[in-house]
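All values below were derived from every heavy atom in this structure, side-chain atoms included, with hydrogens, water molecules and symmetry-related copies excluded. Numbers restart at 1 for each chain; the letters A, B, ... are given by sequence-line order, proteins then strands.
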Protein chains: 2
Amino acid sequence: MENKEKGSKEKQILAAAEQEFLTMGYDGARTTSIARRAGVTHAMLHYYFRTKEQLFERIVDEKFSAMSHSMFAIMGDPSLPVLERIIGGVESHFDFVAENPLLPRFVINEIVARPEHCDILHKRIAHVVGALYRELQLEIDRAAENGEMERVDVRMLFISIMSMNIFTFLAYPFMEPLMGELMADREQFLKKRKAENVETILRRIKKQKDVV
Amino acid sequence: MENKEKGSKEKQILAAAEQEFLTMGYDGARTTSIARRAGVTHAMLHYYFRTKEQLFERIVDEKFSAMSHSMFAIMGDPSLPVLERIIGGVESHFDFVAENPLLPRFVINEIVARPEHCDILHKRIAHVVGALYRELQLEIDRAAENGEMERVDVRMLFISIMSMNIFTFLAYPFMEPLMGELMADREQFLKKRKAENVETILRRIKKQKDVV
DNA sequence: GAATTGTTTAACAATTTTGTTAATGCAAAA
DNA sequence: TTTTGCATTAACAAAATTGTTAAACAATTC
């Protein structure tokens with residue numbers, strides 16, 4: 001055999017398909033292009049995955065579950081104090097999105113284009129998410145009672161966190177040329193942006209008194 | 001003539017194309033489907049716009065400029081005090097996106113797919129945006145000197161505002177089934193979400209002292 | 001080494017989609 | 001009324017894209 005490991009061709013095709021689907025979307029992706037990227041004939045792709053649709057399902061499954069995993073990252077470590085937990089959650093979620101910058105756009109597009117895809121996903125994760133945020137909401141309420149933080153709706157807080165973390169990467173290509181030197185150095189900008197998101201969330205939940 | 005106004009068919013095609021391109025993207029859109037929506041033969045579409053590409057350009061131009069217009073909305077009314085100005089900006093930007101909920105996804109996708117499109121746009125608006133935020137930054141710095149607000153980087157603030165306003169609509173279909181009763185009534189949720197975004201930004205910029 | 005099984009290729013078929021054209025209609029100008 | 005020019009249609013052509021198949025090939029098992 002030419003390829004060391006069994007399934008090497010299959011894996012090559014999957015890797016190429018991931019690239020292609022994430023950047024181009026389902027409609028934009030070409031099976032011939034995927035095959036070319038993978039270095040195989042396009043008949044091979046059909047041999048392994050039968051149809052474009054089935055190949056796509058494989059990628060969707062993988063990516064959707066990565067995405068839902070990233071949502072849990074917001075929850076942070078349950079053993080920590082609630083405030084640290086939220087802030088840690090913001091940071092780890094930011095890091096996750098930074099490592100998978102193409103994922104949000106892909107997920108959003110696929111959901112709009114094929115709502116049926118996420119029905120399945122939602123059924124799988126809805127109750128877990130529900131349980132998690134109920135638990136965290138209790139902690140928040142308790143901390144709020146003690147005057148340690150503002151009483152906030154944890155779901156609203158999640159939306160804010162995801163908004164700021166995800167949008168940073170969604171809009172990067174659009175904003176970059178408009179922001180002058182601020183975004184010139186990507187690494188540095190992301191560091192600043194992460195700190196800004198943390199600060200913004202922190203101020204949202206900290207008990208504070210107006211000076212003015 | 002059958003159609004009252006001149007250019008009625010042309011307008012019908014443009015409206016149908018807008019619908020189709022915004023929801024399906026360039027690759028997902030079908031010229032035959034656009035023609036069907038518009039109630040004309042697909043040859044008519046080619047007669048008026050020659051190619052799918054040219055029809056698409058028309059829509060892109062229109063939508064990109066709407067999008068850049070929405071960025072200016074964040075700036076608010078220059079005659080007002082800076083704090084009101086920012087808050088008013090958040091609100092009017094939110095309202096704009098609420099009226100054009102498909103726009104952000106479209107713009108983001110087109111930019112990733114065809115960076116050359118936004119080069120043109122950026123050249124048109126970069127200096128205006130630059131001037132506007134320099135002006136607002138001065139106001140912020142002045143207010144900060146007087147202890148009326150925090151000293152913040154206006155560009156970072158814009159990113160936060162756009163993040164929270166836009167993401168609300170981007171992720172709506174994904175979040176809705178996960179959020180229980182919170183998002184069940186769209187109107188009510190959007191009202192809450194707008195208030196939440198305002199509150200978050202307000203807390204980010206207000207001079208505050210920790211209680212804890 | 002013969003049979004079996006899974007892999008690979010090249011050629012081809014089917015379909016979808018975009019784009020063209022030649023013929024027709026229709027309204028206003030000459 | 002004839003002509004001119006735009007609008008419209010239906011049929012067709014071209015291209016791209018997905019999917020199939022039969023045959024060759026390689027590896028493994030018996």
Nearest-angstrom distance from the residue atom [atom1] of [X] to [atom2] of [N]:
X: Leu45(A); N: dT20(D); atom1: CG; atom2: C1'; result: 14 Å
X: Lys9(B); N: dC6(D); atom1: NZ; atom2: C1'; result: 12 Å
X: Leu55(A); N: dT17(D); atom1: CG; atom2: P; result: 16 Å
X: His46(B); N: dA10(D); atom1: NE2; atom2: C1'; result: 14 Å
X: Ile13(B); N: dA7(D); atom1: CD1; atom2: P; result: 11 Å
X: Arg50(B); N: dT21(C); atom1: CZ; atom2: P; result: 8 Å
X: Lys52(A); N: dT20(D); atom1: NZ; atom2: P; result: 15 Å
X: Asp27(B); N: dT17(D); atom1: CG; atom2: P; result: 10 Å

(request) Under 4.0 Å between any heavy atoms, over every strand shown, what does Ala35(A) touch: base, sugar-phosphate, or nothing? Just pick one. (result) nothing
(message) Just to be sure I understand the rule, does Thr31(B) reach a base, reach only the sugar-phosphate, or reach nothing, if contact means heavy atoms closer than 4.0 Å?
(response)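 Sugar-phosphate, no base atom in range.
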Just compare [options] and give me whichever is closest to any side-chain atom of [X].
X: Ala43(A); options: dT21(D), dT8(D), dT7(C); result: dT21(D)
X: His42(A); options: dA7(D), dA11(D), dT18(D); result: dT18(D)
X: Thr51(A); options: dT17(C), dT7(C), dG19(D); result: dG19(D)

(request) Determine yes or no for a side-chain-to-main-chain donor-acceptor pair under 3.5 angstrom, with Ser92(B) supplying the side chain and Ala73(B) the backbone. (result) yes
(message) Whether Arg85(B) and Glu135(B) form a salt bridge (side-chain N of Lys/Arg under 4.0 Å from carboxylate O of Asp/Glu) is what I want to check.
(response)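 Salt bridge: yes.
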(request) Run the salt-bridge test on Lys192(B) and Asp153(A) with the 4.0 Å N-O cut-off and return the result as yes or no. (result)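 No.
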(request) Locate the shortest heavy-atom distance separating Ile205(A) from Leu83(A); write the atom from each residue and the value. (result)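 Looking at all heavy atoms of both residues, the closest pair is CD1-CG, 4.3 Å.
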(message) How close do Arg30(A) and Glu20(A) get, counting heavy atoms only, and between which atoms?
(response)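 The answer is N-OE2, 3.1 Å.
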(message) When you measure from the side-chain N and O atoms of Thr41(A) to the phosphate of dT9(C), is any distance below 4.0 Å, counting only OP1 and OP2?
(response) yes
(message) Reading DNA chain D from 5' onward, which residue's closest nucleotide shows up sooner: Tyr47(A) or Arg30(A)?
(response) Arg30(A)
